[in-house]
Amino acid sequence: MKKIIIQAITELMGFDGNEIFQKSRKQKYVFARQMTFYYLRNELFWQQTKIGDLFEVDHATVIFGVNSFRSKLEIYHEDKDLYMRYKAVLNHGKIDEKELLLAFINQNKKHLSENLKQYLTAAL
């Protein structure tokens, strides 16, 4: 699992995915680490202690990271989009463009014309 996480972070975020397993507090590494905590907890249903063992942190750090990332998903659309791509890479080994397009349409329904919605939906 560690190799897959490293590859996904490297592909999506543009830095060496190994960095999230270090003790760095740089914002980009913390964000990626918390996003991974959230994925492992909510998509794969890993226990906090198992996630903590993978990252060599205690379960309280994992709980805090999951909760922090959940808050970011509720507020920031760009974080939600990045998480959707991350999840697609981890689940399928590549970015699922149809899933991303559908998410875009759903998030922007009130801003898109009916013609554009029909065009984008036909592309699915």
Side-chain angles (χ1 to χ4, degrees):
M1 187 66 186
K2 193 171 181 177
K3 275 186 170 181
I4 296 168
I5 292 169
I6 291 168
Q7 289 173 340
I9 292 294
T10 302
E11 179 181 332
L12 290 174
M13 302 198 70
F15 60 81
D16 182 8
N18 286 304
E19 297 294 328
I20 69 168
F21 292 95
Q22 306 302 316
K23 299 290 183 191
S24 175
R25 287 202 241 167
K26 288 186 178 180
Q27 197 274 334
K28 64 182 180 180
Y29 302 140
V30 171
F31 177 86
R33 194 169 24 243
Q34 289 178 348
M35 181 170 62
T36 304
F37 290 171
Y38 184 86
Y39 174 81
L40 294 172
R41 182 73 181 125
N42 291 294
E43 301 296 330
L44 301 183
F45 306 105
W46 283 23
Q47 297 296 317
Q48 291 96 339
T49 52
K50 184 175 179 181
I51 298 168
D53 291 344
L54 180 65
F55 284 86
E56 297 179 10
V57 297
D58 63 17
H59 75 284
T61 302
V62 174
I63 293 169
F64 177 81
V66 168
N67 291 336
S68 292
F69 193 76
R70 181 180 301 117
S71 297
K72 290 174 185 162
L73 287 178
E74 294 170 359
I75 298 170
Y76 303 109
H77 292 292
E78 58 274 2
D79 291 349
K80 189 172 187 176
D81 292 341
L82 179 62
Y83 177 71
M84 294 284 287
R85 291 195 312 266
Y86 182 63
K87 186 168 113 173
V89 169
L90 289 176
N91 289 342
H92 307 294
K94 59 182 170 58
I95 296 175
D96 185 0
E97 293 175 5
K98 289 182 181 182
E99 184 178 323
L100 291 176
L101 185 56
L102 185 59
F104 173 80
I105 294 168
N106 288 333
Q107 288 175 359
N108 296 291
K109 278 182 183 177
K110 60 185 172 186
H111 304 293
L112 300 174
S113 70
E114 285 302 316
N115 288 339
L116 184 55
K117 282 189 234 176
Q118 288 175 358
Y119 176 78
L120 292 173
T121 304
L124 295 173

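Only this structure's heavy atoms are used, side chains among them; waters, hydrogens and symmetry mates stay out.
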side-chain contact (heavy atoms from CB on, under 4.5 Å) filter on Ser71, not counting sequence neighbours, yields none
dist Ile9:CD1 -> Asp16:CG (nearest 0.5 Å) comes out at 10.5 Å
Aromatic Phe21 / basic Lys2 pairing, under 6.0 angstrom, 45° off normal: yes
Rounding to 0.5 Å, atoms CD1 (Ile63) and NE2 (His59) come to a distance of 4.5 Å
Lys23 meets the side-chain contact (heavy atoms from CB on, under 4.5 Å) criterion, sequence neighbours left out, with Glu56, Val57
(request) For atom NZ of Lys117, decide whether the heavy atoms of other residues, nucleotides or ligands shown that lie under 6.0 angstrom number more than 12. (result) yes
dist Lys72:NZ -> Leu82:CG (nearest 0.5 Å) comes out at 11.0 Å
Ser68 and Gln34 have their tightest heavy-atom pair at CB-OE1, 3.6 Å
dist Asn18:CG -> Gln7:CD (nearest 0.5 Å) comes out at 10.5 Å
Please determine whether residues Tyr76 and Met13 belong to a single hydrophobic cluster, defined as Ile, Leu, Val, Met, Phe, Trp and Tyr linked transitively by side-chain heavy-atom distances below 4.5 Å. no
OG1 (Thr61) and CD1 (Ile51) are apart, to the nearest 0.5 Å, by 11.5 Å
Between Phe37 and the options Phe69, Phe31, Phe64, Phe55, the ring-ring contact (aromatic ring centres under 6.0 Å, His included) test singles out Phe55
Hits for side-chain contact (heavy atoms from CB on, under 4.5 Å) against Lys80, two or more places apart or cross-chain, chain-then-number order -> Leu73, Gln107
Minimal heavy-atom distance between Gly17 and Thr10, with the atoms involved, is N-OG1, 2.9 Å
Between Tyr39 and the options Ile5, Asn91, Val66, the side-chain contact (heavy atoms from CB on, under 4.5 Å) test singles out Asn91
NZ of Lys26 to CD of Glu19, rounded to nearest 0.5 Å, is 8.0 Å
- [ ] Test side chain to side chain contact (heavy atoms under 4.5 Å, CB included) on Leu54 and Thr36 and set out the steps.
- [x] CA-CA 11 Å; Leu54 180 65; Thr36 304; 5.8 Å; no
**OP:** Please check if the side chain of Arg33 supplies one atom and the backbone of Ser24 the other of a donor-acceptor pair under 3.5 Å.
**Re:** yes
Minimal heavy-atom distance between Val89 and Ala8, with the atoms involved, is CG1-CB, 3.6 Å
Taken in chain and number order and not counting sequence neighbours, the residues that satisfy side chain to side chain donor-acceptor pair (under 3.5 Å) with Glu78 are none
By side-chain contact (heavy atoms from CB on, under 4.5 Å), Asp53 pairs with (sequence neighbours left out) none
Exercise answer: donor-acceptor pairs, residues 40-49 side-chain atoms, under 3.5 Å, sequence neighbours excluded:
from: Arg41; atom 1: NH1; to: Trp46; atom 2: O; distance (Å): 2.8
from: Asn42; atom 1: ND2; to: Tyr38; atom 2: O; distance (Å): 3.2
from: Glu43; atom 1: OE2; to: Tyr83; atom 2: OH; distance (Å): 3.3

